[in-house]
Structure formats: C-alpha cells, structure tokens
Protein chains: 2
Amino acid sequence: MGVIETTKSRAKRVEKAIELPLELPVGRILDGDCVDAMRSIPTGSVDLVFADPPYNLQLGGDLNRPDGSHVDAVTDHWDQFDSFKVYDDFTRDWLTEAKRILKPDGALWVIGSYHNIYRVGAILQDLGFWILNDIVWRKSNPMPNFRGTRFTNAHETLLWCSQGEKAKYQFNYRAMKTLNDELQMRSDWVLPICNGAERLKEGGTKVHPTQKPESLLYRVLLATTERGDVVLDPFFGTGTTGAVAKRLGRQWIGCEREGVYRDAALKRIEKELPLDESALTTMQAGRSAPKVAFGALVENGYIKPGTQVFDKKRRWVATVRADGSLAYEKQTGSIHGLGKELQGAPSCNGWTFWHYESEGEVKPVDAARKLYLLAVED
Amino acid sequence: MGVIETTKSRAKRVEKAIELPLELPVGRILDGDCVDAMRSIPTGSVDLVFADPPYNLQLGGDLNRPDGSHVDAVTDHWDQFDSFKVYDDFTRDWLTEAKRILKPDGALWVIGSYHNIYRVGAILQDLGFWILNDIVWRKSNPMPNFRGTRFTNAHETLLWCSQGEKAKYQFNYRAMKTLNDELQMRSDWVLPICNGAERLKEGGTKVHPTQKPESLLYRVLLATTERGDVVLDPFFGTGTTGAVAKRLGRQWIGCEREGVYRDAALKRIEKELPLDESALTTMQAGRSAPKVAFGALVENGYIKPGTQVFDKKRRWVATVRADGSLAYEKQTGSIHGLGKELQGAPSCNGWTFWHYESEGEVKPVDAARKLYLLAVED
DNA sequence: GTTTTGGTTGAATCTACGG
DNA sequence: GCCGTAGATTCAACCAAAA
C-alpha cells in the first residue's frame, strides 16, 4: 500500500469516536472566568490548548504619533494587574487547569510579548510543561516606535509545549514543509497583523483591541492537530481560534468572560464554512507524513511506465521506468536523486521539480501524488 | 553656539575621565567564578553588562550544576524542579552582582535560548531590571532539525534591560536607523551564525562551542554604549565582547573560569585594532543629534526676522520675530508651541510643520537647521 | 477602469530638563 | 517628588477619493 498508519493515530481515532462527543461542550463558548470554566472540562480530554492571555502591558500615559494623532492603546480592565505576583498567580492558575484537561499526548500554545512571556514561560516549565519550540511571530507591519526610544517592537512570542519531557505530541512535519515551499518550517514566522476586512469592527471601531490574525492560528492548528481534534481556547476573545478550527475541521471550545466578545465570536464562527472534504483530505495527506514512494504511483497506475517527465524549462526530459526510477540518457535515479544530479544541486525535491502532461495540462508529479492520496485516505 | 550638550552627557564624560581608570580592571580578564570576580568591581561603575550565560540544564543522566560541580544522585534528590532551582539560584546570583556593579543609567544584555531565557527573564524582572526590548537574533543559517520532529530552531533571544522602570539608558537611535538603511531598527535581527574565518579553531576543532558572531556584539555595543564606556562580560568565553569593544573604542572587562578560553581571548583581542578616529567620529555624529534652537537660526541669519512661515496647506501664515518666536494674529509662541496650539494637537514638531520660501522653493524650516549644522559641524 | 494620493491605524511598558 | 515648557519622534497596509 505504501501508506502507513501508526498505532498511535488509530487508537486516537477510536477514542475520539467513542468518548468525546458525550462529555465535552464542543462548539460552545463557556461564560465566566476561564479557570472556573475549565474546571467543568474532564481531565485528559482536550487535544490542544491555544491561549492568548492578557499581556499585563503596564502602559503609562498617552502616546501620540509624530503627526499628533492619538494611539488607541490597550486600556481594558482585563489587562490590568497590580504586580508580578498577582499576574504570576493568575498565570499559574489557568496553566494548572490547562494541564489537567489536556490529554497526555496533548499540547499547549501560549502567545505573549516581553511584558508577560518570560513569566508565563518560567511558570509553565515549573508546572512540568516541556517547551518544544519558542516561535517568533515576526510582524510584517508592526507599529513603529514613535519616539525613537527603543527598537521597534516588531514581534510576539509563542511557546509550544508538550505535557512533559517524555510526552508524545502531534507535529505535522510534512504539512509544514509543504506550506514552507519544501523547506523545513523555521521557528520564526513572518505574518502580517490582523487588519483590513479580517478585523472585526462595530460602528467603525475595533471590537477587540488585540484580535489575532487567522493565518497565525491556521499555522498552529495545521502544524499540531489532526482533523477532529478538540481545541480549547481559554481566552477566546472574538473567536479567531474557533473560526479557524471550524474551517480546518477541528472541534473547538472557548472560554470568554465578556459578553460583547462572545456575541461577536458566535456570529463570526456561524458564518465560517469548513473547507470541503477534498481540501481537508489533501492537507491531511500533506500532514501526517504518509510517505509515498514515487514507485507506488507507478505501481498503481497514476503514472504509467514510459511517461515522459521534465523540468519546468524542459531542459531535461526523462522517462519513467516500471520500478519508479527515472532514466535520462545514461543516467538513472530516483526523482529526487536524478533531479539533483542533473542540476548539480545539493538537493532536489523531485515532486515539484518533475512535471508531466495530463489532459493537456502540465502538472508537477506531486499532483499525481495528491490524487493517489485522495483515493487511498478514505 | 546652538549646540546643546546635556548635563547628563557632560557629567558622564567627567566621571569617566576622573574615576574609572583608577579602580576598574579595564582590558583584563578576571579569573574564576563570575560572581566572585564581579564582587571585586565597585558598585555603580560599569556602563553595560553583556552576558551569554550557560544553560546546561541536564535533566536525567549525569547532572552538573552550572558552576561545573557534580551532583551526587545518591545523596541529592534530583528532579526537574531541583534542576530548575539550581539554575535559578545561579542566575539570581550573577544577575544580582551585575545589577550592583552597573551605573544607575547602565544597561544589561543577556542572550539565551528557550531552554533558559524564560527563567532568566522572569528573574531579572523580579530583581527590578526593566525590559526595554526582547531582541530576536534570527539566524540566517541555522542548524536544521534533522529528525523532523519540531520546527527548525532558527533563533536566539536577547533581553535588553535598564536598571528599573524610571531609569535612564543609552540608545543610539540615529546610529541604528542609519545602520538599517534609514528605517527604524526592529526587534528582529537577521545575522549569520559565527563560522568561517571568524570562528576560532585549534587544530581543526572549535575552541568554544557557542562562540557568538561579532556582528551581534557590534550592533549591541553600537546601539547602547558611547565611546569610552566600560562593558563587562561575565561569561567572556573567547572574548567576542572584548574584541568588538576594542574595535569600537569601548573599554572592556571579562570574567572567565577556563584558562583555555582566557588564553584564546587575550590572543584574539591583542590582534584586534581599534577603528580609526574618523570612522568612530562619523558614527558618533550620526548618533547624538545635536539640538539646535530655532532662535540660533535667526540669530545667525539662516532665517531672517520678518520671514513668513506657514504650514503645508497654508492654513496659517505666521511671522518670525527677532527672538526666534512666531506670531500669528494675536498668538505667539515657539515653533513647536504655536504649531501645537493652532492645530489643537497634543504636540507638534515645529521643524517639519512650518515652511518658508527660499530661492523660489518651499522648504520646511528643518532645511535651514540642516544648513546651519553643516556649517557648524566642522 | 486604473493609477495616484492622502488619511488612518496597529498588544507600546515611547522625553528631557529646570524649577 | 511634581509641573511646565522646549524639543523630537513613524512604517506598512489598507481604504477611499481624486486624477
């Protein structure tokens, strides 16, 4: 067959089908304090927690741009804490509950800035979470430092953690590599801040002061969850996590104290449509590393032996052989190896390098792989 | 004159000339544990501390404390909590000494990875350090994640802190903007890791496992120190900090336990040549934006009394008076103050707000200031 | 319709000095 | 400490209106 399913993922799927829908408030926003709300969630029942807690910004007076206009700052009461001690206690409380409700193989994401992330990071380590990566969200369009007093604060930090040093976790390496143009996804992500049509507004003013971009959640969920997984966001806000989860065929639970945010989130998620089966399946294919040998495509008739394959500029035209190897003049090799040799390159992704004609169109051989995966996965 | 020198910088220069050379082991590497070594440094005597502490948290297997001493697993109950505690104690110790030896207007830099930086960050906040920025060193050529189990760990984090929330600090805004092609320098820096000729090697193997690139120190020192400042590095290693400090005309002190590193560092710094006067002066000029009073331009004939000045849209046309104040109808004030009042704005930069005609062209009054500075600077 | 220009805005720990 | 005044500060993206 060529597609390998691990015992882990099989077990996980069974567990999901039987247990989860019975107990979890999936697709709902729990009212009230997030710690109280999480207490109603069974132990070990959630696949992923994504948290965007208050940053404890501690802003001083007003700030104006050089043109005299006023900067609309985060002055909301929910971001005010009296001291590090109060903030630390708050952080320890919600992280403790998050750890409890997560499955043993679940994972936690937290986003923050330098105001809070060092406290959050130290506390989650103390609680036994194991940091897998710290991810830097490099904003392509940050707010400048108007007074020229510091470096432009152009990034935020995300921490990705497993339940402990030895704990398993989900990482969809292939999906990330595909998303990153066949290079390993790095720990720094360049993404724009949330504005334009995506930004929720009510009467011209933003509904939430710190709405996160959907692209950020898209990458987080695509990288570290599977279809059907349950994702909980204890600081749900206007529901970016829920919207993206629904789109990607993940289940979601939110906690949010403010009625205004809850209402906006529900309306937003209502409008969201899940990606259709084929798109999700394709992603799944890219995701859980079912390594397909080119030979399997030949074996199964997706690429016929004798087919001519060529690079985009048609510098080289090679022939597919029955065993899945390619032949070009006297050279032979795998799709990757031959591509590498012909180009004299240090490496080559044969899936995207080689193309073939099908129904009058030129397609990368990766297209055949995707067709194959579609057929195999159901 | 028109060029204002602040009392702060004047005081600083005097202080440097009189006190520092007498007491500080400048240009020397102190032997032994860094905390002990720092104890020999007078309180409030150092302008900058740059620290690249170890993060040898070894969980499981043989355990060593950060000072190198071995933990007896038989007598010491050792778990993750203990190992964090040992590291935290070590961190608190050296940060406490660093805080003591720093001048009230001094600053601290620490570099680390996700293994240790969250602990360091939380502790330095607890000690009263005030984080000014966290800087992401984005490696242009990181080591890939060979097993495909996580995101490529492609960055390290630096924390830049003042002595406290209200403390002053040095930030050479102009120098950074110049270095960054006239855009504000951001909190994410793209720099290659240290390799090639820069990497110290002995018989083919690297002398130090984590030698930092000189470009990193160059940016740190250029951004946050002045010529002649004293920079102390408590984990000196092979002396990158010292080498770059010498090149940039800063004074340096190192602490290093390992004789091998001390020897390599001394040899390396010996070979380093300070940049010549003109290179350093040029950088200095870009840096500290001498302040010019508008009155000085009038005094010196760059703007004549009676000149009509106006905003871009010519909503207001004011007259320059002999004392450098402006008059509009019955209102008078400085270029900044009047501009602010007329617009009803919270602030106004008169230099760019007001314009005048000269040789048939409309120019901001800032153009006159630049002419004046050109004439004065040589 | 297309391009240009001007206005607005975003998780921000955002001044220095003298009296 | 506080208060008042002089002086020095912005980048990318999106949108709407004008050309």
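Just so it is clear: chains get the letters A, B, ... in the order the sequence lines come, proteins before strands, and each one is counted from 1. Computed from heavy atoms alone, side chains included, the values below leave out hydrogens, waters and symmetry copies.
Going from atom OH of B:Tyr173 over to atom P of C:dA16 covers 14 Å, rounded to whole Å. Here C:dT15 presents its C1' atom at 14 Å from CZ of B:Phe171, a figure rounded to the nearest Å. One can place CG of B:Asn349 at 9 Å from P of D:dT10, the figure rounded to the nearest angstrom. Rounded to an integer number of Å, the gap from B:Asp134 CG to C:dA11 C1' is 13 Å.
Across the strands present, D:dA19 finds its partner in C:dT2; the criterion is a Watson-Crick or G-U wobble pair with both atom distances under 3.5 angstrom. Pairing for C:dT8 is with D:dA13, a Watson-Crick or G-U wobble pair whose two hydrogen-bonding atom distances lie under 3.5 Å.
Counting only heavy atoms from C-beta outward, the side chains of A:Leu232 and A:Met38 approach each other to under 4.5 Å. A heavy-atom distance below 4.5 Å is found between the side chains of A:Leu221 and A:Leu48. Between A:Gln211 and A:Lys206, the closest side-chain pair of non-hydrogen atoms is not below 4.5 Å.
Between C:dC14 and C:dG10, the distance separating the two C1' atoms is 15 Å to the nearest Å. D:dA19 and C:dG1 have their C1' atoms separated by 13 Å, given to the nearest Å.
The residue B:Glu165 sits apart from the nucleic acid: no heavy atom pair falls under 4.0 Å. If you check every strand for non-hydrogen atoms under 4.0 Å, A:Thr210 touches a base. Within the 4.0 angstrom heavy-atom criterion, only backbone atoms of the sugar-phosphate kind lie near A:Ser140; the bases stay farther away.
Taking side-chain N and O atoms only, A:Asn153 has a distance below 4.0 Å to OP1 or OP2 of C:dT13. One finds no side-chain N or O of A:Arg199 lying less than 4.0 angstrom from the OP1 or OP2 phosphate oxygen of C:dT8. Under 4.0 angstrom from either OP1 or OP2 of D:dA12 there lies no side-chain N or O belonging to A:Lys139. For the OP1/OP2 pair of D:dA8 and a distance below 4.0 Å, the side-chain nitrogens and oxygens of B:Trp351 include at least one atom meeting the criterion. Contact between the side-chain N/O atoms of A:Tyr87 and the OP1/OP2 oxygens of C:dT13 is not found at any separation under 4.0 Å.
Ranked by how close their nearest DNA chain D nucleotide is to the 5' end, B:Gln184 and B:Ser334 are led by B:Ser334.
Of the charged side-chain nitrogens involved, none lies within less than 4.0 Å of a carboxylate oxygen, so that A:Glu97 and A:Arg92 do not count as a salt-bridged pair.
A donor-acceptor contact under 3.5 Å is formed by the side chain of A:Lys212 with the base of C:dA11. Between the base of D:dT9 and the side chain of A:Arg65 there is no donor-acceptor pair shorter than 3.5 Å.
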